[in-house]
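Everything on this sheet refers to the single structure shown next.
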Amino acid sequence: MTDSLPEALRADLQALVGEDGLVTGPAAQAYARGYRYGAGRALAVLRPASPEAVAAVVGRTARDGVRLVPQGANTGLVGASTPDARGDQIVLSLERLTRIEAIDAEDRTATVEAGVRLSALNAAAAEAGLWLPIDLGADPSIGGMVATNTGGTRQLRYGGMRRRVLGLEAVLADGTVLRDMRGLRKDNTGVDLKQLFVGAGGGLGVVTRAIVELAPVLRRTAAALVAPASVEAIPAILAVLERRVGDLLTGFEGMSAEALGAALRRHPTLANPFAPEPLPPYALLVEFGAAETDRDLEALLVDVLSELADRHPALVVDARVGAPERIWDLRHAISDSLRHEGRVIAFDVSVARSRLPAFRADVTARLAASFPFLRVCDFGHWGDGGLHLNLVWPEPHDDIERTERGVRELVYETVDAHGGSFSAEHGVGPLNMPFYRRYTPSLNRELAARLKALFDPLGRIGAVDFA
Ligand SMILES: Cc1cc2nc3c(=O)[nH]c(=O)nc-3n(C[C@H](O)[C@H](O)[C@H](O)COP(=O)(O)OP(=O)(O)OC[C@H]3O[C@@H](n4cnc5c(N)ncnc54)[C@H](O)[C@@H]3O)c2cc1C
């Protein structure tokens, strides 16, 4: 990497962010590699320590037309939080914006700076019996969660980030600050501009502060692993549970035996809950949760599952109630365990949830016909129609790039044929932009590109090009 920041710009930026705020040279490259995808070259890294300093550096870099990539916790999975290979982008890290300004128990809200980690917010909110109910296997920043509209395992019950944002402050490409920090739950006074930033991948501006709606912590949970009679039966099981317990249903996750098997092989401390029976071909994690402590959710879960087995014998063949942490451990162990089984080609796709069985059958058959060496190790958020269709390639041969391209074409074509989305919850970035261009209707793309041009006429903020 050559550090080619013009001297005048360097001096001005250094003055705006202070001693620790400007990173150049080899140290900057630590910010140029993503958690799983994305590896480029950073011209420099800016680490402003306040929202005002963010506005100042965005404004100053605008004068030189320098491109900026906002970065939160860098856990994104579409290569959008890191610079490209050209070496002319500055990473704008929000990691020093860590102030939790307020936890308001009466409003049930938190006001935070964008770099606050989800774990830090939840630790602070716990004192008031509250949490930001978005549950995932990473510890992202609130700004990154806004930019990617994070979903997670409890979206079924609580919605994704879009539903949680009640206030936002963002710095636009010229350094001006757009601010709606009133924290209103009701406000029908025209276009809700703050919502445009949710899921925009940082392409419309840099989020500096947010007000998010919290929920009472789940003090009681009960969980079971359920073996459905078939994958086709899963939407009907979900419908029965929703009708029977409503909002008490806080988790409904699906896991193939291939995915669970990988978790069990990698983590000898985890056990097959169906033992001595083998793993069923597919298993469902069903969780009930409540804020009240006096509710016997485990007894309710046992009752509901027995009813299900008695009244709908065609839906369920087995169910095991167990310690919720142990069951979630199994679910959370899957993703990284698969990486020890071979090369993983990962997809985060969705279809209408009633269509998941048909989509899964179709894509599995097509993959078996064209790529028989891949193992389908899927798992996902069946309550929201989201599927992490992870494909393990045990012994990759030397045609890796061409094969992966072919696999991606096949999977996304099938998703599109089932009316689904090529990115259910991970957002958009360089990794999936070719598919954005192919599968997003041209009018939608054109309007998104016009919005981008309006907010960021030089196209210098973010790694996402909506054109
Ligand atoms: C193990 C693991 C499990 C995961 N599970 C899930 C899951 O279940 N559900 C899910 O939805 N995601 C999941 N993710 C993906 C990821 O954690 C989320 O996308 C997360 O919201 C990214 O937040 P971040 O702070 O890490 O953002 P980054 O990775 O730093 O950035 C992501 C995007 O947001 C932009 N951005 C970051 N901060 C700002 C800001 N302040 N202003 C404007 N733009 C900004 C970046 O430019 C980039 O486009 C998982 C990731 C990992 C590694």
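What you are looking at is a predicted structure, and each value in this text was computed from that prediction instead of being measured. In each ligand, atom 1 is the first atom listed, and ligand 1 is the first ligand listed.
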Nearest heavy atom to atom 28 (P) of ligand 1: which of Thr153, Asn74, Val146 does it belong to? Asn74
I'd like the name of whichever of Gly202, Pro140, Pro70, Gly386 reaches closest to atom 46 (C) of ligand 1 through any heavy atom. Pro70
Interfacing atoms of ligand 1 (cut-off 4.0 Å, heavy-atom, Gly151): 10 (C), 11 (O)
May I ask you to say whether Glu341 pairs ionically with Arg375, meaning some side-chain N is under 4.0 Å from a carboxylate O? yes
Of all the non-hydrogen atoms in the protein, which one sits nearest to atom 51 (C) of ligand 1, and at what distance? Thr75 O, 3.4 Å
Which atoms of ligand 1 have any heavy atom of Gly205 under 4.0 Å away? 43 (C)
Atoms of ligand 1, numbered as shown, that sit under 4.0 Å from any heavy atom of Gly76: 26 (O), 29 (O)
Out of Gly201, Ser93, Ser141, Gly38, who gets a non-hydrogen atom closest to atom 25 (O) of ligand 1? Ser141
So, Arg331 and Asp329, do they make that salt bridge, N to O below 4.0 Å? no
Between Phe422 and Tyr412, how do the two ring planes meet: parallel, tilted or perpendicular, split at 30° and 60°? perpendicular
How far is atom 2 (C) of ligand 1 from the closest protein heavy atom, and which atom is that? Ala138 CB, 3.7 Å
N-O pairing of Arg343 and Glu404 below 4.0 Å: yes
To atom 31 (O) of ligand 1, the nearest of Ser81, Gly203, Ala80 on a heavy-atom basis is Ser81
Judged by heavy atoms only, the candidate from Gly137, Ala463, Ser335, Gly462 nearest atom 3 (C) of ligand 1 is Gly137
Please determine whether a side-chain nitrogen of the Lys or Arg among Glu52 and Arg179 lies less than 4.0 Å from a carboxylate oxygen of the Asp or Glu. no
Pick from Gly115, Gly79, Ala147: the one approaching atom 34 (O) of ligand 1 most closely through a non-hydrogen atom: Ala147
With heavy atoms of Ala114 as the reference, note each atom of ligand 1 found under 4.0 Å away. 41 (N)
Where does the angle between the aromatic ring planes of His388 and His426 fall among parallel (under 30°), tilted (30 to 60°) and perpendicular (over 60°)? parallel
Nearest option to atom 14 (N) of ligand 1, as decided by whichever heavy atom of Leu136, Leu92, Leu94 sits closest: Leu136
Got Ser256 and Pro281 here, is their nearest side-chain heavy-atom distance under 4.5 Å? no
